Amino acid sequence: MLVLQVLTNGILLGGLYAVVALGLALVWGVLDIINLAHGAFIMLGGYLTYYLFTGLGLDPFASLPLVMLAMFVLGYLIQWGLLNFLVRAPMFNMLLVTFGIDVVLTYLAQIMFSADLRTIRPAYAGSNFTVGGVTVPWTNLLAFVVALLLTGLLALFLQRQRWGRAIRATAQNLGAARLHGVPPRFAYALTFGIGAALAGGAGTLYGMVAQLTPYVGVPLTAKSFAIAIIGGLDNPLGVIVGGLVLGLAEAFGSLWLGPTYRDAVSLGLLVLVLIVRPTGILGRAS
Amino acid sequence: MALLEVKKMNAGYGDADVLRDVDLHVEEGEIVAVVGSNGAGKTTLLRALSGVIASRGEVRFAGRDAAGMAPDEAFGRGLVQVPEGRQLFDRMTVQDNLRMGAFRRRDAAAVRRDFQRMYELFPVLGERRNQLAGSMSGGEQQMAAMARGLMAAPRLLMVDEMSLGLAPVIVERLLEVLTDIQKQGVTVLLVEQDVHSALSVADRGYVLERGRVALTGPARELLDDPRVKEAYLGL
Ligand SMILES: Nc1ncnc2c1ncn2[C@@H]1O[C@H](COP(=O)(O)OP(=O)(O)OP(=O)(O)O)[C@@H](O)[C@H]1O
Ligand SMILES: [Mg+2]
């Protein structure tokens, strides 16, 4: 029974992790930017949801689209006003700039939100149901479903929509995309905006199942990185696999090694994958 | 009035100019060939016209100033390039590649008709519409690149080195397609090393040598020109 419970926890966590990594994988795949501020975007999304809930009484699931929209605008502006001037710059410069954004956002969060732990707890938080001896918290289950939904929607957008195709085209062959009428600066800003929106949505979900501090960003960026490496960058559905691998590894790692080793598990997994299969489990990494 | 008119175009990479004072014009409905040996500057000319690289000089397209456009703007105006080396979106299906050709078009019904037309012109593309472009043969890829360009409903289709590495029968087929689409009102600027093929379908031609226009005239006359025969046709 314990194993089944841990399995369930791992899968639910894995779904959440998928959406946590989704934006990072998208931006990495299309823009070739490893956005070190990705976790900070998630953190911001979490706080935004928190204040919409405590301030306006808005249910976190209802605020999700609002948060995503706000984060889209922020991401779009950051790409348009700053990163577009650096696109195709050496990897190191990009890392430095996005690291800078991360530091600034974390610092601002610390000033504005204080370092106190926050959780978003609507009335239904803590309620759960039991099937076959396995306890499933409603919030985690809903967060899991929404996470998969967002991932599926992104996949559909990239596959079916006109601008989704243009984004894929830009990722595959920038020169040819320009020759076929895609304005690269706009495609980039759109992509980065979508990445930030997904991070914001992930923050909403994360804030419901875990505690928020201004410092959650860095470990979330690291996990997203691991998931993107495992799942590959070609297909957004890859992050579901990556998320599940990480979620299950953490759940069982906590069970067998103790909860203190939870983060060590994800780092260990990352190192392992980088050594064994640097192109990710599912394929091309970049 | 000419569809495309270029006067004293200079363009190159960094400080070094490759094109020097190129004068060229293309009339509505023509097929115009630009021929020359490796490194003559043919691709550079198309890149400059598409705005991929900067150029100096006068460019007018469809009656408007067209110097210094960005590539997506040039495309939007109907100046469409089928680039050297095909440059397909390798990990997208054939159909999605063609859809990218129609990226700027809003006339959904006409786009659907054009899909039909492309699959009639190139039946193999219809059969393989769901195959990834990168996994097709060189000839099929060239057809896909042409079809992608045509899906844009171009006013001027600029085709760079389409015969490269293809079997003569396929080159024949592609040349037929060019004359077909000419009849349907598309103007073509054809860049080729295969001088004979290019001049045999073209109305007029330009011979580029080290970035300058060395010769120009009706395609028939160029084919018979002793200088062309000696330098390019090995006769
Ligand atoms: N990206 C580049 N950077 C610097 N020089 C370049 C670049 N591309 C081409 N050149 C130079 O410009 C000159 C003309 O090249 P271009 O590609 O226009 O020739 P071409 O006529 O298309 O030849 P080919 O028939 O081999 O395709 C060559 O000397 C080439 O070395
Ligand atoms: Mg060339």
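Everything quoted here is computed from the prediction, not taken from an experiment. So you know, we letter chains A, B, ... as the sequences are listed, proteins then strands, and number each from 1.
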Task: Whether over 12 other heavy atoms sit under 6.0 Å from Phe99(A) CZ - done: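 No - once you tally the heavy atoms of other residues, nucleotides and ligands closer than 6.0 Å, there are 12 at most.
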Open item on the list: Between Arg155(B) and Glu28(B), does any side-chain N to carboxylate O distance fall below 4.0 Å?
Closed with: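 Yes, this pair counts.
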Open item on the list: In the structure I gave you, are the side-chain heavy atoms of Leu125(B) and Met118(B) within less than 4.5 Å of one another anywhere?
Closed with: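 No, every pair of side-chain atoms sits at 4.5 Å or beyond.
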Output the distance between atom [atom1] ([X]) and atom [atom2] ([Y]), rounded to the nearest 0.5 Å.
X: Leu174(A); Y: Leu179(A); atom1: CG; atom2: CG; value: 9.5 Å
X: Asp180(B); Y: Leu175(B); atom1: CG; atom2: CG; value: 11.0 Å
X: Asn97(B); Y: Met136(B); atom1: CG; atom2: CE; value: 7.5 Å
X: Thr151(A); Y: Leu156(A); atom1: OG1; atom2: CG; value: 11.5 Å

Open item on the list: Quick check: under 4.5 Å, non-hydrogen atoms only, which of residues 48-85 of chain B neighbour chain A?
Closed with: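 Residues of residues 48-85 of chain B touching chain A at under 4.5 Å: Ser50(B), Val52(B), Pro71(B), Asp72(B), Phe75(B), Gln81(B), Pro83(B).
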TODO: Output the residues of residues 159-169 of chain A for which the shortest heavy-atom distance to chain B is under 4.5 Å, in residue-number order; output 'none' if no such residue exists.
DONE: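 At a heavy-atom separation under 4.5 Å, chain B is reached by Gln159(A), Arg162(A), Trp163(A), Arg165(A), Ala166(A), Arg168(A), Ala169(A).
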Task: Top contributor to chain A contacts, counting heavy-atom pairs under 4.5 Å, from Met92(B), Met100(B), Gln87(B) - done: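 With the most close heavy-atom pairs to chain A, the winner is Met92(B).
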Open item on the list: Let's test your reading of the structure: which of Thr93(B), Asp96(B), Leu88(B) forms the most heavy-atom pairs below 4.5 Å with chain A?
Closed with: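 Between Thr93(B), Asp96(B), Leu88(B), the count favours Asp96(B).
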Task: Whether Phe115(B) and Tyr119(B) hold their rings parallel, tilted or perpendicular, with breakpoints at 30° and 60° - done: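 It falls in the tilted class, 30° to 60°.
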TODO: For the residue pair Trp28(A) and Phe225(A), categorise the inter-ring angle as parallel (less than 30°), tilted (30 to 60°) or perpendicular (more than 60°).
DONE: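 Rings of Trp28(A) and Phe225(A): parallel, under 30°.
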Task: Minimum-distance pair of heavy atoms, taken over all atoms of Gly41(B) and Val18(B) - done: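 It is CA-CG1, 3.9 Å.
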